[in-house]
2 protein chains.
Amino acid sequence: MSEGTDDLAFEPQEEELLSRVAWYYYHDGLTQSEIGERLNLSRIKISRMLERGRRMGLIHVHINSSYGGCFALEARLQELYGLDEARVIPAQDGEIIIERLAEAASQYFMGRLQEAEMLAVGWGATVMGALQRLARTLSYRNISLVSLTGGVSAYIEGVASGRTSQNVHLIPAPLVVSHESVADAIKAERHVIDVMTMAKTANYALIGIGAVADEATLIGSGYATRQQFETFRRQGAVGDIVGVFYDQTGTVLDLPFHRTLVGLDLDSLRQIPHVVAAAGGAKKVDAIRAGAKGRHFNVLITDEATAQAIIEGEPS
Amino acid sequence: MSEGTDDLAFEPQEEELLSRVAWYYYHDGLTQSEIGERLNLSRIKISRMLERGRRMGLIHVHINSSYGGCFALEARLQELYGLDEARVIPAQDGEIIIERLAEAASQYFMGRLQEAEMLAVGWGATVMGALQRLARTLSYRNISLVSLTGGVSAYIEGVASGRTSQNVHLIPAPLVVSHESVADAIKAERHVIDVMTMAKTANYALIGIGAVADEATLIGSGYATRQQFETFRRQGAVGDIVGVFYDQTGTVLDLPFHRTLVGLDLDSLRQIPHVVAAAGGAKKVDAIRAGAKGRHFNVLITDEATAQAIIEGEPS
DNA sequence: TCGAATGAAGAACATATGATCACGAGACGC
DNA sequence: GCGTCTCGTGATCATATGTTCTTCATTCGA
């Protein structure tokens, strides 16, 4: 699915040319052939440059509406769970929901993040996708990234694509360790404390929501086992946020697993003024609903079908 | 030229549909026909909706680059005049520069303005064009507009297109009055003071730059006469910002005309943290250069040819 | 030094898109 | 009631765009 990230960035020279082409094309309404003539390049080349520009995020189409598209659902979600904001993107049957959510999330942040702000991020495919799309914006606006949990490798994908490297702060620890005592020791480390403190001061956080399902990223990346998940499920877990599991009402469970996590807990997370959750898919409906009930986030980005399902399951 | 602003806004219902279509088209990469099938609309209709969406600014293509396109020129301008930022958009011979500058300016602000901020604006075609394009962004982000000068009608065009009306504060006075004493009296009025105070507290200002040429908006709209301009020119005026004329070095001239203006003076303007000037065209080269020298603004948005000319005239 | 592999570039084609035209429905004045 | 006018709609066609295939050059390894 992921068509690879290709080259990470352009030569500044290429970027200049590309900007110019994009400007001619999108703002001046010249055709690709006209641009080609003007710049002495073949039409084909222009076409390819534009495609590249779009894929790399240099050219970005913004839909300038307060909502992604589904007004009624958004209003309902906000009302039900006291969210500051909800974004519901139009349905698209059987499609790559993650990519679309990532797009929506990146769009959300493009409109909010300001110069030199700090963005705390969790992990998960959606979050990483959003970060990739945001890469240029982040570097131009001088945004610092900080991870909410340990587990460096889980973040690499989202972080690598920019030359933002100077401003990325990852908690230098695994996401889960073998024993509570180890977690405690790590959390007492100076470098770890520093980053976690930084994360707590962020103005925005972007998180995913995990379902308690076998396809969960947590299992896929080896941080947890199916057996553990089975246990969690028996104890009432319906979802997790940054590795912390909660039940149907959004109440955090008391699991030994949690004590072996390195990362912010949900109470600390809630201190961040704007916690944006991006998640969707049939499997995650319960997890999202419960997370919303528990007020673990205040902005939700999801898709039409999921929003519908969340709301429908409500009267229970 | 101005193809009319058509309807000002959509029905919320139409907007929802349009957002959806735009999302399918631009983010999901469906073809217009596919969208048509899915929504039971003719392909043609989708095509027209998209066009409408683009024209109305619901769909906006953002070129996500720190510069509009001409890196070298931007760097040079910044360096020469100590600007915080310069944006130079690619040349386009003999074209509607104003529209393009307006586009660039709106893009600039879309990336900066944040929720509930206040934007102070001057007048001029470029500024009004930018405001029109920004209309939706302004209303969604709850941006307040405040005028930097009197002359209500000059602002209407830029302000009318949004339903932002609740947040627009215009100085309730003419731009120029017949006599200094009248200006003083007006400037002592409570309502006028209120708005001007508001303007001074804005974080961003968007201004145009006027040339001392017969086509100037000031003359066109009857606020000044050719004779006056001739006089100004003789006294060394090369340009004006919000009606205040300055000479080649950017020093404000001591003209009786200034004392009949109702609006902020350039020293007050300079107190605004981010003063963005958008202007271009052969006639305005000297005016822009001098304005930059006088540090009357700290962000400049112009076009390639003008930037070139500004820089070339420099060694003098 | 040769050959294979990779990537850029263009040609030809298929498809998507937007422009123009023609039609029909309602609005309005007569 | 009738003509006329405007607006929205769909049909047709020219054009713009993207895709696929082929060619060519360049790089890397043997």
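Chain A is the first sequence line, chain B the second, and so forth, proteins listed ahead of strands; every chain is numbered from 1.
- Note that the CG atom of Leu17(A) and the CE atom of Met49(A) stand 3.5 Å from one another [nearest 0.5 Å].
- The CZ atom of Arg52(A) sits 16 Å away from the P atom of dG18(D) (whole-angstrom rounding).
- Scanning for side-chain hydrogen bond (donor to acceptor under 3.5 Å, both in side chains) contacts around Arg54(A) gives Tyr26(A), with sequence neighbours left out.
- Taking Glu215(B) as the reference, Lys283(B) meet the salt bridge (charged side-chain N to carboxylate O under 4.0 Å, His left out) condition, with sequence neighbours excluded.
- Under the side-chain contact (heavy atoms from CB on, under 4.5 Å) criterion, Ala130(B) pairs with Ala102(B), Ala105(B), Leu206(B), sequence neighbours left out.
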Nucleotide-resolved protein contact map, nucleotides 10-22 of chain C, B/S/- at heavy-atom distance under 4.0 Å: BBB---SBBBB--

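- Annotation: side-chain contact (heavy atoms from CB on, under 4.5 Å) contacts of Thr126(A) (sequence neighbours excluded): Ile98(A), Leu101(A), Ala278(A).
- Taking the side-chain contact (heavy atoms from CB on, under 4.5 Å) definition, one finds that Ser47(A) meets it with Gln32(A), sequence neighbours left out.
- Qualifying salt bridge (charged side-chain N to carboxylate O under 4.0 Å, His left out) partners for Glu34(A), counting only residues two or more places apart in sequence or in other chains: none.
- Atom OH in Tyr24(A) sits roughly 19 Å away from atom P in dA16(D) (whole-Å rounding).
- In this structure His60(A) satisfies the side-chain hydrogen bond (donor to acceptor under 3.5 Å, both in side chains) test together with Glu103(A), sequence neighbours excluded.
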Polar atom pairs (N or O), protein with nucleotides 24-26 of chain D, under 3.5 Å:
none

